Q: 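Questions regarding the structure given below will be posed in turn.
Atoms within each ligand, like the ligands themselves, are counted from 1 in listed order. Not measured: the values here are computed from a predicted model.
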Amino acid sequence: MISLGIESTAHTFGVGIVKDSEVLANVRDLYTTEKGGLIPVKLGEHHVEVCDKVLSQALEKAKLSIKDIDIVSFSIAPGLAHSLKVGATVARTISLVHKKPLVGVNHAIAHLEIGRMLSKSNDPILLYASGANTQVIAYDGGKYRVFGETLDNGVGNFIDSFAREAGLGFPGGPKIEQLALKSKNYIELPYSVKGMDVSFGGLLTNLTTKLKSGKYSLEDLSFSTQETVFAMLVEVSERALAHCEKDELVLGGGVACNKRLQEMCRLMCEARGAKFYCPENQFLVDNGAMIAYLGLIMHKTGNSAQVRDSKIRPYERTDDVVVNWR
Ligand code: ATP
Ligand code: FE2
């Protein structure tokens, strides 16, 4: 069975095509800016501009025509309404014109399921570290439960805000990673883990003050930022592994592209005898393949929707979704 998946929760418009557990295509177009800052209306306009091109490229890559597709999946939640609407509209149109079943999927759960499929792990903890989201998720009692999360910004948005203060443009994460490689000088920063949750607001204020003081190099601040926030994420992930008595950790989300975060997670897992898996970057960042894959497994368990029931759900939480496909 072949599923076409459309991703448009935020800055990325992506189309993926998946045949069972084989990814045939995964094409994306990212909205970027020189100075940082994302305007929701602009994201929607970007997605309208590129949707046709991204869809054609994905079909071409998979050597398929739209008629070969069995189901159409799209990210129905959560995200920015202006962005979500574009993907939903494209998906509904294909569904209506070509008479294909439609499946709306939760984007956070798609990160987890593609990681679970690629790693062939059975019951992992997911550290989902992206721009807008930072959650530690695990399956329990018919739902994906959030065991820990950010109390304010997502870790990626926090890093991007710091990068913007430093005049680095969007996305800031990869630039901060490169700058961090040039330093080993740790500057003390606030470390904010509250139970199973993390927060970044105080840290951003502290960092911005340090940056503006002119007393610290951007390399040292970048290095210290990574060491501090990744230690926070590793701490809550480890506690979730222990609390849930699970022994597999999977990464998801754009921030998980960071090699230092991967290394710190790997070391923690080795130390406690857990398995660690990090998908390749194209499946960590927002992408259509993960939407296609989750749509496929949901469809097989009867989760398709009628167009009239396919309203976007910008605020849906991971643990709102009843997981009946496992
Ligand atoms: P979501 O909708 O799932 O919250 P998102 O819209 O923020 O995700 P992603 O593509 O998952 O999108 O992640 C983008 C974020 O990842 C940006 O904040 C970006 O700075 C960050 N990022 C990308 N590469 C790196 C890296 N190497 N190191 C740190 N952060 C990174
Ligand atoms: Fe994402």
Q: Using the side chain to side chain donor-acceptor pair (under 3.5 Å) rule, take E235 and Y191 through it: C-alpha gap first, then chi angles, then the decisive distance, then the call.
A: CA-CA 11 Å; E235 181 187 333; Y191 182 93; 2.5 Å; yes
Q: V285 to ligand 1: N or O pair under 3.5 Å?
A: no
Q: Should the pair K53-D29 be classified as a salt bridge under the 4.0 Å nitrogen-to-oxygen rule?
A: yes
Q: Residue-level breakdown please: for H11 versus ligand 1, do any non-hydrogen atoms fall below 4.0 Å on the side chain, on the backbone, on both, or on neither?
A: side chain
Q: Side chains of S192 and S199: do they bring a donor and an acceptor to under 3.5 Å?
A: yes
Q: With heavy-atom distances below 4.0 Å as the criterion, list the atoms of ligand 1 near G156.
A: 18 (O)
Q: Quick check: G254 and ligand 1, any N/O pair under 3.5 Å apart?
A: yes
Q: For ligand 1 and A132, I'd like to know whether there is a polar contact (N/O to N/O, distance under 3.5 Å).
A: yes
Q: Under a 4.0 angstrom heavy-atom cut-off, which atoms of ligand 1 come close to P171?
A: 19 (C), 20 (O)
Q: Between the side chains of Q282 and N26, is a donor N or O closer than 3.5 angstrom to an acceptor N or O?
A: yes
Q: With heavy-atom distances below 4.0 Å as the criterion, list the atoms of ligand 1 near T9.
A: 2 (O)
Q: Of all the N, O or S atoms in H107, which one sits nearest to the Fe ion (ligand 2)?
A: NE2
Q: If the threshold is 4.0 Å, N to carboxylate O, is there a salt bridge linking R326 and D123?
A: yes
Q: Using a 4.0 Å cut-off to any heavy atom of E177, which atoms of ligand 1 qualify?
A: 26 (C), 27 (N)
Q: Do E248 and N122 meet the criterion of a side-chain donor-acceptor pair at a distance under 3.5 Å?
A: no
Q: Below 4.0 Å, non-hydrogen atoms only: which portion of N133 touches ligand 1? Side chain, backbone, both or neither.
A: both
Q: Between H46 and Y31, is the ring centroid distance below 6.0 Å?
A: yes
Q: Check whether any N or O atom of A10, backbone or side chain, sits under 3.5 Å from an N or O atom of ligand 1, and answer yes or no.
A: no
Q: What is the name of the N/O/S atom in D286 that sits closest to the Fe ion (ligand 2)?
A: OD1
Q: When you look at H47 and S8, which way does the side chain to side chain donor-acceptor pair (under 3.5 Å) test go after all the steps?
A: CA-CA 8 Å; H47 296 351; S8 77; 5.3 Å; no
Q: Do any nitrogen or oxygen atoms of R28 lie less than 3.5 angstrom from nitrogen or oxygen atoms of ligand 1?
A: no
Q: Provide, to 0.1 Å, the distance between atom 3 (O) of ligand 1 and the closest protein heavy atom, together with that atom's residue and name.
A: Y128 OH, 2.2 Å
Q: Compute whether any side-chain donor of one residue and acceptor of the other, for H107 and S75, lie under 3.5 angstrom apart.
A: no
Q: To which protein heavy atom is atom 21 (C) of ligand 1 closest, and what is the distance rounded to 0.1 Å?
A: V255 CG2, 3.9 Å
Q: Do E149 and R317 sit within salt-bridge range, that is, some charged N less than 4.0 Å from a carboxylate O?
A: yes
Q: Are the side chain of S83 and the backbone of A10 linked by a donor-acceptor contact shorter than 3.5 Å?
A: yes
Q: Under a 4.0 Å N-O cut-off, is there an ion pair linking R266 with E263?
A: no
Q: Salt-bridged, K212 to E165, with N to O below 4.0 Å?
A: yes
Q: What residue and atom, counting heavy atoms only, is the protein's closest point to atom 18 (O) of ligand 1, and at what distance?
A: D160 OD2, 2.6 Å
Q: So is S130 polar-close to ligand 1, meaning N/O to N/O under 3.5 Å?
A: yes
Q: Which of the numbered atoms in ligand 1 are below 4.0 angstrom from a heavy atom of H111?
A: 3 (O)
Q: I want to confirm something. Looking only at heavy atoms, which of A108, G173, G172 is nearest to atom 26 (C) of ligand 1?
A: G173
Q: Give me the residue, atom name and distance of the protein heavy atom closest to atom 15 (C) of ligand 1.
A: G131 N, 3.7 Å
Q: Does a salt bridge link K143 with D319, judged by any charged N lying under 4.0 Å from a carboxylate O?
A: no
Q: Students should be able to answer this: which protein heavy-atom is nearest to atom 6 (O) of ligand 1, and at what distance?
A: D286 OD2, 2.8 Å
Q: Are any of the heavy atoms in P174 under 4.0 Å away from ligand 1?
A: yes
Q: Which atom name would you report as the N, O or S atom of H111 nearest the Fe ion (ligand 2)?
A: NE2
Q: Record the part of N258 in heavy-atom contact with ligand 1 below 4.0 Å; permitted values are side chain, backbone, both and neither.
A: both
